[in-house]
Student: 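A single structure is presented below for examination.
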Amino acid sequence: MPRAPRLEELTDRIGPRLSGSPQHAAAITQVATAMRALGAEVRLQPVKVPHWVRGEERAELIDYPGRPPGLTQALHLTTLGGSSATAAGGLNARVIVVHDFDELRARSAELRGNIVLFAARFDQRLADNGHASTAYQQAGLYRFTGPSAAAALGAAAALVRSIGGADYRLPHAGATVWKDQQAPIPAAALAAEDADLVTRLAAQGPVTMRLLLTPRTLPDADSANVIADWPGSERPDEYVVVSGHLDSWDLATGATDDGVGVMAAAGVIQVLQQLGLHARRSIRFIGWTNEENGGRGHQAYFDSVSQAIDAQCAAIESDEGAGRALGVAASVTPGSLAVLEPMVAALAPIGATVLERHDGALGADIAPLQAAGVPGFAPLVDARHYFDYHHTAADTLDKVDPQNLKSQVATMAVLAYYLAQLPEPLPRVKAP
């Protein structure tokens, strides 16, 4: 397989890049250095980011219907970002299995002091038919807010069935969100097979688990967004943003989430440099910090430009994995689609010919810009298998086809240059 040198350097030499880690800091330095070498105008925008450390994580079933005397069963799980720790000796408690929030409320009398398992399944059928993000949002709701809902009803800990489409007994990490002033409880994701095992056993009678999680939340760490401007020839103070995020979860090297995206975005500047092209407006690369467990990077950037938001003419983000680019997703006014047709025609040689209009955010990091009316874009990629490895220990360089990466670079380069070269920016978009 052909190499993708910059992505290989990010993943193989630096490794996992959770916010606040030395690896995350090294990635910021690496990308900033590479962008300076291309001749871009580079600055680091300071950001304070969360510094959460995973620690030890273990679970085993210690009692269940039909258990042979003296036997236990070890489970595969991973702590969710934002989880608190169990007691040093762990937690022994009954597991209450629920499939949705209605069932959680219906069984509220059983929850106090026990462990809740949200057994909602990822709908691979949606992913197979072009709706992977919808499948992720539907199942992900139980990871995003389930532990908080369980804590509010007195649960001692919360588990979620891992959010993903392929069952390789891989736990999928990710963040969970707590309400203001709410004390977090221990929370983790169980591998899909283990969640299904617990569900089957619990249908026959009480199941007891021993759970040990030892995460720590350290003081916020110094970090930065990497901002690299490729100056415009006529309107250098107007910007088309092209971006991906530099941080990753700590279980693997973050090759598809979001090594591909951030390196594809950086590749846009490299293409323009190699071709000697400067559009009317500046094209601004951003390597976002802290997308995975806080969003501090995009908030810092938005705060810095909010008083001159009209200078942000468009925002592009790649964060949907390493699939081949099929076209462009656009959050624009209906009338803007005709303006974009020549851009899509230019992508015909690589088969990226689909133009889909979307309402709402096309990426977590450009969401604040879009909410302020900035037209948003993303490469439309084949994401059928993105969530097989998403947030797992298997998100490694071998999952990336370099030809797919090149297709994303080409799609974003054509899109960014076209938007930056338009005589007038696209109209602002009203938030839905």
Side-chain angles (χ1 to χ4, degrees), residues 18-19 50-62 75-122 136-163 171-192 194-195 198-199 202 206-218 220 249-250 292-296 391:
L18 191 60
S19 291
H51 190 185
W52 180 85
V53 180
R54 179 172 303 281
E56 190 176 1
E57 45 194 26
R58 294 203 310 268
E60 60 180 342
L61 299 181
I62 58 175
L75 305 177
H76 291 243
L77 85 170
T78 191
T79 313
L80 295 180
S83 167
S84 68
T86 61
L91 167 68
N92 292 359
R94 182 181 171 190
V95 182
I96 307 298
V97 178
V98 301
H99 295 84
D100 54 38
F101 289 114
D102 287 340
E103 188 175 1
L104 179 76
R105 288 186 287 269
R107 302 188 66 181
S108 60
E110 303 173 61
L111 303 185
R112 185 161 300 279
N114 287 323
I115 300 169
V116 172
L117 168 59
F118 291 94
R121 304 176 72 88
F122 180 90
Y136 179 66
Q137 291 296 325
Q138 288 178 353
L141 184 63
Y142 295 96
R143 192 195 81 210
F144 307 146
T145 65
S148 173
L153 294 172
L159 306 173
V160 297
R161 187 183 193 273
S162 281
I163 307 167
H172 294 236
T176 191
V177 179
W178 307 99
K179 296 177 182 177
D180 289 344
Q181 308 304 315
Q182 185 179 34
I185 59 175
L190 271 182
D194 289 344
V198 174
T199 300
V207 172
T208 303
M209 178 184 293
R210 177 178 294 125
L211 178 67
L212 176 68
L213 306 177
T214 66
R216 292 179 296 147
T217 299
L218 303 178
D220 285 356
W249 282 103
D250 55 324
E292 293 291 5
N293 65 332
R296 303 272 186 89
H391 291 187

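Nothing here was measured: the structure is a model prediction, and the numbers come from that model.
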Student: Quick one: do Leu153 and Val116 satisfy side-chain contact (heavy atoms from CB on, under 4.5 Å)? Show the steps, please.
Tutor: CA-CA 10 Å; Leu153 294 172; Val116 172; over 6 Å; no
Student: Using salt bridge (charged side-chain N to carboxylate O under 4.0 Å, His left out) as the criterion, list what pairs up with Arg143, not counting sequence neighbours.
Tutor: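 For Arg143, no residue satisfies salt bridge (charged side-chain N to carboxylate O under 4.0 Å, His left out) once neighbours in sequence are set aside.
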Student: Please assess Ile163 against Tyr136 for the test side-chain contact (heavy atoms from CB on, under 4.5 Å), listing each intermediate value before the final yes or no.
Tutor: CA-CA 7 Å; Ile163 307 167; Tyr136 179 66; 3.5 Å; yes
Student: Which atoms form the tightest heavy-atom contact between Val97 and Ala119, and what is the distance?
Tutor: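 Scanning both residues completely, I find the closest heavy atoms to be CG1-CB, 3.9 Å.
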Student: Tell me, do Leu218 and Trp52 make a side-chain contact under 4.5 Å, heavy atoms counted?
Tutor: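 They are not in side-chain contact.
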Student: How long is the straight-line distance from CE of Met209 back to CG of Asp194, given to the nearest 0.5 Å?
Tutor: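 Here the interatomic distance stands at 8.5 Å.
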Student: Could you tell me the separation between the CG atom of Leu159 and the CG atom of Leu117, rounded to the nearest 0.5 Å?
Tutor: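 Taking CG in Leu159 and CG in Leu117, the distance rounds to 5.5 Å.
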Student: Measuring only between side-chain heavy atoms, which start at C-beta, is Val160 closer than 4.5 Å to Thr176?
Tutor: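 No, their side chains stay 4.5 Å or more apart.
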Student: Suppose we screen for ring-ring contact (aromatic ring centres under 6.0 Å, His included). Which residues come up paired with Tyr142, at least two apart in sequence or across chains?
Tutor: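 Residues passing ring-ring contact (aromatic ring centres under 6.0 Å, His included) with Tyr142: Phe101, Phe118.
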Student: Could you tell me the separation between the CG atom of Leu141 and the CD atom of Gln137, rounded to the nearest 0.5 Å?
Tutor: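 Rounded to the nearest 0.5 Å, the CG-CD separation comes out at 8.5 Å.
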Student: Establish, from distance only, whether the side-chain atoms of Arg54 and Thr78 form a donor-acceptor pair under 3.5 Å.
Tutor: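 There is such a pair (donor and acceptor under 3.5 Å, judged by atom type) between the side chains of Arg54 and Thr78.
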Student: Please report the shortest heavy-atom distance between Pro171 and Ser162, naming the atom on each side.
Tutor: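 In this case the closest contact between Pro171 and Ser162 is CA-OG, 3.3 Å.
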Student: Identify the heavy atoms of His99 and Ala120 that sit nearest to each other, and give their distance.
Tutor: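 Closest heavy-atom pair between His99 and Ala120: O-CB, 3.9 Å.
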Student: Mind listing the closest non-hydrogen atom pair of Ala150 and Leu104 along with its distance?
Tutor: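 Scanning both residues, the minimum pair turns out to be N-CD2, 4.3 Å.
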Student: Please report the closest heavy-atom contact between Ala88 and Leu212, naming both atoms and the distance.
Tutor: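 The answer is O-CD1, 3.5 Å.
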Student: Just verifying a value: how many Å separate Thr208 OG1 and Glu60 CD, rounded to the nearest 0.5 Å?
Tutor: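 Atom-to-atom, Thr208:OG1 and Glu60:CD are 11.5 Å apart.
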Student: Looking at Asp220 and Arg296, is there a salt bridge between them, counting it only when a charged N and a carboxylate O are closer than 4.0 Å?
Tutor: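 So Arg296 pairs with Asp220 through a salt bridge.
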Student: Using 0.5 Å steps for rounding, measure from the CG atom of Leu190 to the NE2 atom of His172.
Tutor: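 That separation rounds to 12.0 Å.
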Student: If you measure only the distance, is there a donor-acceptor pair under 3.5 Å linking the side chains of Gln182 and Ser148?
Tutor: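 On atom types as modelled, these side chains qualify, holding a pair under 3.5 Å.
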Student: For Asn293 versus Ser19, what's the shortest heavy-atom pair and its separation?
Tutor: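 Closest heavy-atom pair between Asn293 and Ser19: OD1-OG, 3.5 Å.
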Student: Test: side-chain hydrogen bond (donor to acceptor under 3.5 Å, both in side chains). Region: residues 83-96. Which pairs qualify, not counting sequence neighbours?
Tutor: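 Sorted pair list: Asn92-Arg210.
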